[in-house]
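What you see below is based on every heavy atom in this structure, not just the backbone, and it leaves out hydrogens, waters and symmetry mates.
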Amino acid sequence: MKKKYLISGLLLTYAFIEPYIQQIKKYTISDKQLPKNFHNYKIAFLADIHYGRTINDNNLDKIINKVNKWEPDIIILGGDYVMDKKHIYHCFEKLANLKSKQGIYAVIGNHDVVESLQDTKKAMHLNNIKSINNNAYWIEKDNQRIRLGGVGDLRTQRQLIEPTITGTSISDYIILVTHNPRYIYQLKDEYDINLILAGHTHGGQFSALKYLKKIVPPVIDEAAAFSYLSGRTNKNSSDIIVSNGIGTAKFPIRIFTWPETVFITLKSI
């Protein structure tokens with residue numbers, strides 16, 4: 001009995017320590033639709049910072065320095081930036097220190113809407129962070145281009161896919177960012193999205209949850225996004241990466257779902 005209490009105590013202690021163990025998670029994505037000029041294109045993806053809980057100036061500065069040292073071509077932010085409205089402007093002033101060759105792009109998360117959608121949008125604009133929330137851009141490199149778009153948060157906003165796919169062709173490489181991976185279940189094959197980035201789940205905060213996708217019925221899987229809790233997977237022809245996120249929200253604990261900043265290298269084949 002004492003051994004059980006000891007193990008439980010150690011696990012609980014570890015659960016409160018893990019949120020501070022920041023990792024860099026690297027992926028390589030190969031796709032024949034990627035233009036040759038985008039070979040070795042580097043994307044840094046930061047989701048669910050939740051500044052004000054486990055994330056403060058000190059550890060955010062360390063993350064920013066690691067991203068800048070990697071020298072990404074582009075930086076994408078996945079929503080849920082703060083825990084409290086009072087941190088919004090300060091958080092985005094810090095994020096403005098991120099450096100990339102072709103800019104910083106961001107979607108909105110559910111916490112951003114709850115705390116202050118207006119202030120979040122304003123802070124992004126003041127710090128030269130481009131919104132891809134129900135919006136999209138062509139990213140060009142040496143006369144070739146890819147499409148980068150995003151949709152609004154599934155719980156608090158509308159999701160407009162049209163800006164991302166309108167004007168594209170079957171040969172275009174398309175990246176879609178959605179804060180909540182549950183939106184992935186709504187995507188149609190005809191959209192021909194090549195790469196989908198999401199966050200929101202924090203990896204489930206307990207790694208064993210991802211295995212429930214194998215035993216629960218589809219309706220429950222879709223409701224909880226068990227198939228897209230963490231890591232790399234795919235749906236038909238789409239590569240999908242769901243980040244564990246950087247911070248924590250309601251419960252400042254994690255069990256084998258290490259907080260992470262995602263580095264993605266695209267390869268043309």
Side-chain angles (χ1 to χ4, degrees), residues 27 29 31 33-47 49 67-68 70-81 92 95-109 112-113 117 120-154 157-181 183-184 187-188 190-199 237-241 243 261-268:
Y27 297 96
I29 302 291
D31 196 302
Q33 283 185 241
L34 185 73
K36 299 297 182 183
N37 291 341
F38 284 83
H39 185 65
N40 288 327
Y41 197 76
K42 297 162 67 174
I43 301 171
F45 179 48
L46 289 72
I49 295 169
V67 172
N68 292 345
W70 191 56
E71 298 182 339
D73 291 284
I74 200 170
I75 295 170
I76 298 174
L77 306 178
D80 277 6
Y81 302 102
F92 280 98
L95 292 174
N97 292 320
L98 289 165
K99 298 178 181 179
S100 69
K101 298 172 185 176
Q102 294 191 282
I104 306 173
Y105 298 80
V107 295
I108 300 293
D112 308 316
V113 176
L117 177 59
T120 300
K121 287 181 175 180
K122 184 177 179 180
M124 287 168 57
H125 177 73
L126 289 173
N127 291 284
N128 198 32
I129 296 172
K130 297 180 177 66
S131 174
I132 50 171
N133 209 66
N134 292 326
N135 192 24
Y137 291 86
W138 286 107
I139 309 298
E140 298 185 357
K141 186 176 181 182
D142 300 329
N143 297 317
Q144 292 184 324
R145 65 183 188 175
I146 62 176
R147 189 70 166 170
L148 171 63
V151 293
D153 172 62
L154 188 66
Q157 297 182 297
R158 294 190 300 162
Q159 300 81 51
L160 304 178
I161 190 66
E162 290 78 15
T164 298
I165 62 174
T166 298
T168 62
S169 69
I170 193 68
S171 63
D172 289 317
Y173 189 86
I174 303 173
I175 301 173
L176 176 70
V177 186
T178 170
H179 173 68
N180 192 327
Y183 180 69
I184 296 169
L187 291 173
K188 300 176 181 179
E190 63 197 60
Y191 296 157
D192 192 36
I193 308 296
N194 299 88
L195 175 61
I196 302 168
L197 304 180
S237 60
S238 299
D239 289 301
I240 299 169
I241 294 175
S243 172
T261 301
V262 175
F263 288 175
I264 303 163
T265 302
L266 303 181
K267 300 280 189 177
S268 177

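With Tyr137 as the fixed residue, the side-chain contact (heavy atoms from CB on, under 4.5 Å) test singles out one of Arg145, Gln102, Lys130: Lys130.
For the residue pair Gln157/Asn133, the side-chain donor-acceptor check at 3.5 Å is satisfied.
Phe45 meets the ring pair (Phe, Tyr, Trp, His ring centres under 6.0 Å) test with no other residue; sequence neighbours excluded. Shown here are the side chain to side chain donor-acceptor pair (under 3.5 Å) partners of Gln33, two or more places apart in sequence or in another chain: Asn194. Partners of Leu126 under the side-chain contact (heavy atoms from CB on, under 4.5 Å) rule, at least two apart in sequence or in another chain, are Tyr89, Lys122. Considering only residues two or more places apart in sequence or on other chains, Ala44 meets the side-chain contact (heavy atoms from CB on, under 4.5 Å) condition with Leu46, Val67, Trp70, Pro72, Ile75, Phe263. Applying the side chain to side chain donor-acceptor pair (under 3.5 Å) criterion to Asn40, with sequence neighbours excluded, gives Lys267. Partners of Gln144 under the side chain to side chain donor-acceptor pair (under 3.5 Å) rule, at least two apart in sequence or in another chain, are Asn37. By the ring pair (Phe, Tyr, Trp, His ring centres under 6.0 Å) test, Tyr183 is found to be paired with no residue, residues two or more places apart in sequence or in another chain being considered. Checked against side-chain contact (heavy atoms from CB on, under 4.5 Å), Ser169 has the following partners two or more places apart in sequence or in another chain: Ser171, Asp172. Residues that satisfy the ring pair (Phe, Tyr, Trp, His ring centres under 6.0 Å) test with Tyr173, not counting sequence neighbours, are absent from this structure. Take Asp153 and apply the side chain to side chain donor-acceptor pair (under 3.5 Å) test, not counting sequence neighbours, and it matches Thr156. Every residue was checked against the ring pair (Phe, Tyr, Trp, His ring centres under 6.0 Å) condition with Trp138, not counting sequence neighbours, and none meets it.
Residues Phe92 and Thr120 are in side-chain contact: their nearest non-hydrogen atoms beyond the backbone lie under 4.5 Å apart.
The salt bridge (Lys or Arg N to Asp or Glu O under 4.0 Å) analysis of residues 97-109, with sequence neighbours excluded, yields the pairs Asp73-Lys101.
Lys141 NZ: more than 12 foreign heavy atoms inside a 6.0 Å radius. Atom NE2 of His125 has 12 or fewer neighbouring heavy atoms from other residues, nucleotides or ligands inside a 6.0 Å radius.
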